[in-house]
Amino acid sequence: MPETLAVSQKVAAGSDFTPLAQQVRASGLLDRRTGYYACAITVNVLATVAIWVGVAVIDSWWALLLAVPAAAISARSGFLGHDAGHRQISDSARTSRLLGYLLGNLMIGMSYGWWNDKHNRHHGNPNHVDKDPDVGTGALVFSAGEAVGRSGALGWLTRHQAKLFFPMLLLEGLSLQVSSFQGLKDRARKDRVAEAVLLVVHAVGYLALAFTLMTPGKAVVFILVHQGLLGLHLGMAFAPNHKGMPMPGPGERWDHLRKQVLTSRNVRGGRVTDWFLGGLNYQVEHHLFPSIPRPNLRKVQPLVRAHCVKVGLPYVETGLVESYRQALRHLHDVAAPLRVE
């Protein structure tokens, strides 16, 4: 696994981040929560099996309703794979990689290696217009400069990207799987072979279960609902984190504390919000301490908030609906050059 995330907390002595890092380290909140993750992964695997058993037992159109919890469970696999990539579950690179292969490649058909490399680069330079792959030019654009010059179908898409954002998320599950196969070419040969085999096993097993346990018509509908809701769920968890927050421009250099805090937005809420967003609602804390176990993010939040107040940094936290409103407004605003008559 690339080491970026594991070492991102090492900063020069005397920085504004050092006192906070020392305080959090002394609190014990960076310690692994092995029992929590062992239980979460076991429940996740058993729930996945239970869904397919339910599909087989029901054997009617009512079985399609199980595509809804199936999407939620698949999203949980994605969140757990994310935690493995940050070594929140284990400090061992080998164990983290194996867990990533299980939760990513095998269970949801997403390449752990491809995603982890991409996510490492995001954490290294969040919201940076030239360095963060999550805000690079693609179907959506996240800065006005990227919108300029777009024409034809892409221009139309950019002009309406705020309105189309949530409908487009229905394709995110499929997009992640396609990108996973495409990203295999950049993996080392040993990793490429292992990941390719697991991705193929997932695809063949998934389709075999669907078309063996259901008629072709039911299977197609189940897959469309499952994959569509999976993409929507994952996209709704990622959208509030950075969209609409400051974006460092070319040549701008911020220290670790400011780079992570100023570009991130937290989402207020209780246990339901924590579950729905996979802990990513504590985005500020997660970016400052990416290896902190997910259940400890809520506990470290008061320390981080107090430190931000002490050093005079804005600590942004909104409600879930407001976070989406801000993200959509940003997408609308950056497309403004294309709406000029």
Side-chain angles (χ1 to χ4, degrees), residues 114-115 117-179 182-183 186 228 231-255 258-267 277 280-281 283-284 286-287 313-341:
W114 162 79
W115 172 84
D117 175 70
K118 175 175 175 286
H119 199 60
N120 270 316
R121 288 183 281 126
H122 159 70
H123 265 261
N125 292 280
N127 251 21
H128 194 289
V129 293
D130 290 334
K131 299 178 181 180
D132 183 356
D134 288 355
V135 295
T137 303
L140 301 174
V141 299
F142 300 98
S143 67
E146 295 175 315
V148 174
R150 281 201 155 190
S151 59
L154 282 178
W156 179 87
L157 178 63
T158 300
R159 285 196 299 275
H160 301 282
Q161 64 178 7
K163 297 176 182 178
L164 296 172
F165 178 71
F166 284 110
M168 288 175 66
L169 289 182
L170 294 170
L171 300 174
E172 182 65 13
L174 177 61
S175 174
L176 289 171
Q177 294 182 52
V178 171
S179 295
Q182 293 175 335
D186 298 321
L232 182 64
H233 190 163
L234 291 176
M236 290 179 73
F238 300 149
N241 303 338
H242 304 283
K243 306 300 183 285
M245 297 302 291
M247 300 180 68
E252 289 190 66
R253 297 178 62 85
W254 298 355
D255 62 27
R258 286 158 182 80
K259 181 190 296 184
Q260 306 300 343
V261 173
L262 296 179
T263 61
S264 301
R265 177 195 294 110
N266 274 17
V267 177
L277 299 181
L280 297 178
N281 45 311
Q283 192 67 194
V284 175
H286 170 58
H287 263 257
L313 278 181
Y315 181 95
V316 178
E317 187 175 34
T318 71
L320 183 59
V321 174
E322 174 62 16
S323 73
Y324 293 137
R325 190 185 70 80
Q326 292 182 15
L328 293 177
R329 183 175 62 193
H330 175 72
L331 290 175
H332 178 78
D333 289 347
V334 300
L338 297 183
R339 292 194 296 271
V340 176
E341 295 298 333

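What's counted below: heavy atoms across the whole structure, side chains too, no hydrogens, waters or symmetry copies.
- Between P133 and K131, the shortest heavy-atom distance links the atoms CD-O, 3.3 Å.
- Here the CZ atom belonging to R325 is positioned 14.0 Å from the NE2 atom belonging to H330, to the nearest 0.5 angstrom.
- Contact check for L232 versus F166: side-chain heavy atoms found under the 4.5 Å cut-off.
- Nearest heavy-atom pair across H286 and H119 is NE2-NE2, 4.4 Å.
- Between the E146 side chain and the S143 main chain, a donor and an acceptor come within less than 3.5 Å of each other.
- A donor-acceptor contact shorter than 3.5 Å links the side chain of Y324 to the backbone of M236.
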- request: Take V334 and F142, measure what side chain to side chain contact (heavy atoms under 4.5 Å, CB included) needs, and give me the verdict at the end.
  value: CA-CA 6 Å; V334 300; F142 300 98; 5.8 Å; no

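- In this structure, CZ in R258 is found 13.5 Å from CD in E252, a value given to the nearest 0.5 Å.
- Across all non-hydrogen atoms, the minimal contact from N125 to K259 is OD1-NZ, 3.9 Å.
- The line from CG of D117 to NE2 of H122 is 13.5 Å long, rounded to the nearest 0.5 Å.
- Ring centroids of H128 and H242 are separated by 6.0 Å or more, keeping the two rings apart.
- Within the model, atoms NZ of K243 and OG1 of T263 stand 11.0 Å from one another, a figure rounded to the nearest 0.5 Å.
- Counting only distance, with no hydrogens or angles, the side chain of R265 and the backbone of P240 share a donor-acceptor pair below 3.5 Å.
- Residue pairs meeting the salt bridge (Lys or Arg N to Asp or Glu O under 4.0 Å) criterion with at least one partner in residues 149-164, sequence neighbours excluded, do not occur; the list is empty.
- Residues P314 and L262 meet the side-chain proximity criterion, which asks for heavy atoms closer than 4.5 Å.
- Not a single salt bridge (Lys or Arg N to Asp or Glu O under 4.0 Å) links D132 to another residue, sequence neighbours left out.
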- request: Mind running side-chain hydrogen bond (donor to acceptor under 3.5 Å, both in side chains) on H287 and Q283 for me, showing each step along the way?
  value: CA-CA 6 Å; H287 263 257; Q283 192 67 194; 3.1 Å; yes

task: Walk me through it: do L320 and L277 pass the test side chain to side chain contact (heavy atoms under 4.5 Å, CB included)?
output: CA-CA 10 Å; L320 183 59; L277 299 181; 4.0 Å; yes

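- Across all their heavy atoms, A335 and T158 have their closest contact at CB-O, 3.1 Å.
- Atom NE2 of H332 has 12 or fewer heavy atoms from other residues, nucleotides or ligands within 6.0 Å.
- Nearest heavy atom pair, residue N127 against residue M245, reads ND2-O, 3.2 Å.
- In this structure, CD on Q161 lies 5.5 Å from CG on L140, to the nearest 0.5 angstrom.
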task: Report the C-alpha separation of F238 and D134 in whole Å, then their side-chain angles, then the decisive distance to 0.1 Å, and conclude whether the side chain to side chain contact (heavy atoms under 4.5 Å, CB included) test is met.
output: CA-CA 10 Å; F238 300 149; D134 288 355; over 6 Å; no

Residues 168-179, side-chain donor-acceptor partners within the protein, below 3.5 Å, at least two apart:
residue	atom	partner	partner atom	Å
Q177	NE2	Q227	OE1	2.8
S179	OG	S175	O	3.0

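- A pairwise comparison of heavy atoms in P248 and P126 identifies CD-O, 4.0 Å as the closest pair.
- Here the CG atom belonging to L328 is positioned 9.0 Å from the OG atom belonging to S323, to the nearest 0.5 angstrom.
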